[in-house]
Amino acid sequence: MTRTWLFKSEPDEFSFDDLLTRPDQTEPWGGVRNYQARNHLKEAGLGDRVLIYHSSIAEPCVAGVAEIVRTAYPDPSAFDEASPYHDPKSDPEAPRWFAVDVRAVARLPRPVTRTAMKAHPALAEMRLLRRGMRLSILPVEPDELEVVLALGGWELRDVQPVDL
DNA sequence: GCCAACGTTGGC
DNA sequence: GCCAACGTTGGC
């Protein structure tokens, strides 16, 4: 069963366009240091869709769609003393933090702004839009995915992983 | 820049 | 185990 997730990113740090420039349009997604978000990361399965959401900008939006191409593995940055995400309490024998690899599917024909999502009645229950929601990795319901894609000028079949 | 919401830390 | 203090996130 293919699920959908929403990954937050500050585009100044890493944007959907950055993902498109990576080799094979694939990038490890790590540095998540919140247990609830980590648990979501560990649930992500091969081929799950990912909405890439740009936060902390004037107009926060979903910029594009990616997919999981490697499921959770120990996050190397946790063991890297030079990394800002270094966690001395994470033991390589029992890793605390995990990363996944994501590959771009495509940019949305038009970005779906937070404002547009908030204005849509079908998205009233969307996790992302709840007050005080700070999790950087969130599940997205199937019907919510359809609405977001429609707002972005796409339909669900446009993001079916090709190998399914 | 403000501030609400929330997570983490550490004293007790 | 409680809870105050503090730090961070992220929309506005």
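The sequence lines fix the lettering, A, B, ..., with proteins before strands; numbering per chain opens at 1.
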Only distances under 3.5 Å count here; give the side-chain donor-acceptor pairs of residues 113-129 of chain A to other protein atoms, sequence neighbours excluded, each with its distance to 0.1 Å.
from    : atom 1 : to      : atom 2 : distance (Å)
T113(A) : OG1    : A116(A) : N      : 3.0
R114(A) : NH1    : Y53(A)  : OH     : 3.1
H120(A) : ND1    : A122(A) : N      : 3.1

Tabulate atom names and distances for all N/O pairs under 3.5 angstrom spanning the protein and nucleotides 10-12 of chain C.
from    : atom 1 : to      : atom 2 : distance (Å)
dG10(C) : OP1    : K8(A)   : NZ     : 3.0
dG10(C) : OP1    : R134(A) : O      : 2.8
dG11(C) : OP1    : Y53(A)  : OH     : 3.0
dG11(C) : OP2    : S56(A)  : N      : 3.0
dC12(C) : OP1    : K118(A) : NZ     : 2.3

Rounded to whole angstrom units, what separation is found between the [atom1] atom of [X] and the [atom2] atom of [N]?
X       : N      : atom1 : atom2 : answer
R127(A) : dC6(B) : CZ    : C1'   : 14 Å
F7(A)   : dT9(C) : CZ    : P     : 17 Å
Q36(A)  : dT8(C) : CD    : P     : 20 Å
N34(A)  : dT8(C) : CG    : C1'   : 11 Å

Residues in side-chain hydrogen bond (donor to acceptor under 3.5 Å, both in side chains) with S90(A), at least two apart?
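Once residues adjacent in sequence are excluded, S90(A) has no partner under the side-chain hydrogen bond (donor to acceptor under 3.5 Å, both in side chains) criterion.
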Who passes side-chain hydrogen bond (donor to acceptor under 3.5 Å, both in side chains) against R130(A), sequence neighbours left out?
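R130(A) satisfies side-chain hydrogen bond (donor to acceptor under 3.5 Å, both in side chains) with no residue once adjacent residues are dropped.
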So, D80(A) and S77(A): side-chain donor and acceptor under 3.5 Å apart, yes or no?
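Judged by distance alone, the side chains do not pair up.
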Give the table of side-chain donor-acceptor pairs shorter than 3.5 Å for residues 6-14 of chain A, with sequence neighbours excluded, one pair per line with atom names and distance.
from  : atom 1 : to      : atom 2 : distance (Å)
K8(A) : NZ     : M133(A) : O      : 3.3
K8(A) : NZ     : L135(A) : O      : 3.1
S9(A) : OG     : F14(A)  : O      : 2.3

Residues that Y73(A) engages under side chain to side chain contact (heavy atoms under 4.5 Å, CB included), provided they are two or more places apart
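Result, side chain to side chain contact (heavy atoms under 4.5 Å, CB included) vs Y73(A): P28(A), R70(A), P76(A), A99(A), D101(A).
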